[in-house]
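Owing to the predicted nature of the structure, the values given are computational and were not obtained by experimental measurement. Naming: A, B, ... by sequence-line order, numbering from 1 per chain.
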2 protein chains.
Amino acid sequence: MPNAGPVDPLDARLLLELAKHPRATTSGLAGQVGISRNTAQARLIQMEQNGTLDSFERRIRPEALGYPLTAFITIQVTQRRLDAVADALAAVPEVLQVHGISGPIDLLVHVVATDTEDLYRIAGQILAIPGVERTNTSLVMRQLVDYRITPLLQRTAGNP
Amino acid sequence: MPNAGPVDPLDARLLLELAKHPRATTSGLAGQVGISRNTAQARLIQMEQNGTLDSFERRIRPEALGYPLTAFITIQVTQRRLDAVADALAAVPEVLQVHGISGPIDLLVHVVATDTEDLYRIAGQILAIPGVERTNTSLVMRQLVDYRITPLLQRTAGNP
DNA sequence: CCTGCGTTGGGCATCGTGCTCACCTTTCCT
DNA sequence: AGGAAAGGTGAGCACGATGCCCAACGCAGG
């Protein structure tokens, strides 16, 4: 498993630059951050391998693929069927991610859909999975804060 | 706003290759997909600009920054205070994303923390925001399905 | 004091990039 | 049918970036 990639301030500054300019070259990044190209290259390769960076899939917007609707479905599962339910969820293409969470609700499922009808179909498909007791679908109507991690990066970088 | 980037099967195949090899070169991708380098380059640049691709931030793992805990906090908000609450949430670095959702619960907040104590502090900080009526914190204990979008990509690519 | 470890600057051959062009095919419009 | 528009192709070219090597330096811990 990906061990904790201990990101030091130097790495953080490189990542901040990358967040601003995803297509920046290694040499360019080195210049911006003020380190030698060799060091920048070493750090980047290391980060790509030690689990600091997630899959490229994260950058692909479902909207662009024709799935403009996002919803979160909470699931209560018959105990001891968690893994079986997870497998069944993984078989649904529109399921992007499944979290096992604490509390009365067992699963939080991140799904996308082409339209409301499609979402209804997917919700039904999930409800039909053996072991699924109860579901609750919440449609995402607005992104009030878009995904960002720069605040934490700046903290690691020693925010100047 | 990013208009829908209509991803065609060719784009999808490029993205699938990129998902497998994030550091692949444009020339390499063109070879793998079986198109000319010129076309691949044009498609990639276009996707980077028309909103098909999300920010690079998405690929940075919070765990690597020293935030191994992930939680989802649901919030009920005093109506008409949504934007004010959203602004206050955006001021919390550990808040990665905020969704406005349908149903009795108004907001779904994605947060990370260094440990449980840290999470408790953040939850308290959120509860103290004027307009926040009720919160409910669910700790993510396991990723039952890791984020993936390849199933949808393969569908777009005309899954062979 | 000495030994690793990471950074540095230099250098080098190769490859990738960004860009331009002429040419071709397909599609759509008149 | 004719013709324009859009997108793919192969070729070419100058420049920069890449991957890799090495000797030297500063700094930490033993």
Sugar-phosphate, base or nothing in reach of B:Ile45, heavy atoms under 4.0 Å: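 It contacts nothing in the nucleic acid.
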
Sugar-phosphate only, base, or nothing, as touched by B:Leu10 at under 4.0 Å among non-hydrogen atoms: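 Sugar-phosphate, no base atom in range.
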
Rounded off to whole Å, could you give me the [atom1]-to-[atom2] distance for the [X] and [N] pair?
X: B:Gln41; N: D:dG16; atom1: CD; atom2: C1'; result: 13 Å
X: A:Arg37; N: C:dT8; atom1: CZ; atom2: C1'; result: 12 Å
X: B:Glu48; N: C:dG18; atom1: CD; atom2: C1'; result: 15 Å
X: B:Leu44; N: D:dG8; atom1: CG; atom2: C1'; result: 15 Å
X: B:Gln46; N: C:dC19; atom1: CD; atom2: P; result: 15 Å
X: A:Ile35; N: D:dC25; atom1: CD1; atom2: P; result: 21 Å

Pairwise side-chain hydrogen bond (donor to acceptor under 3.5 Å, both in side chains) hits with a residue in residues 122-136 of chain B, at least two apart: B:Thr78-B:Glu133, B:Arg121-B:Gln125

Side-chain donor-acceptor contact under 3.5 Å, B:Asn50 with B:Thr52: yes

Side-chain N or O of B:Thr39 closer than 4.0 Å to phosphate OP1/OP2 of D:dT9: yes

Residue-level proximity of residues 18-27 of chain A to DNA chain D when a heavy atom falls under 4.0 Å: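 Under 4.0 Å from DNA chain D: A:Thr25, A:Thr26, A:Ser27.
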
Comparing B:Asp8 and A:Asn38 on DNA chain D - which has the more 5′ nearest nucleotide: B:Asp8

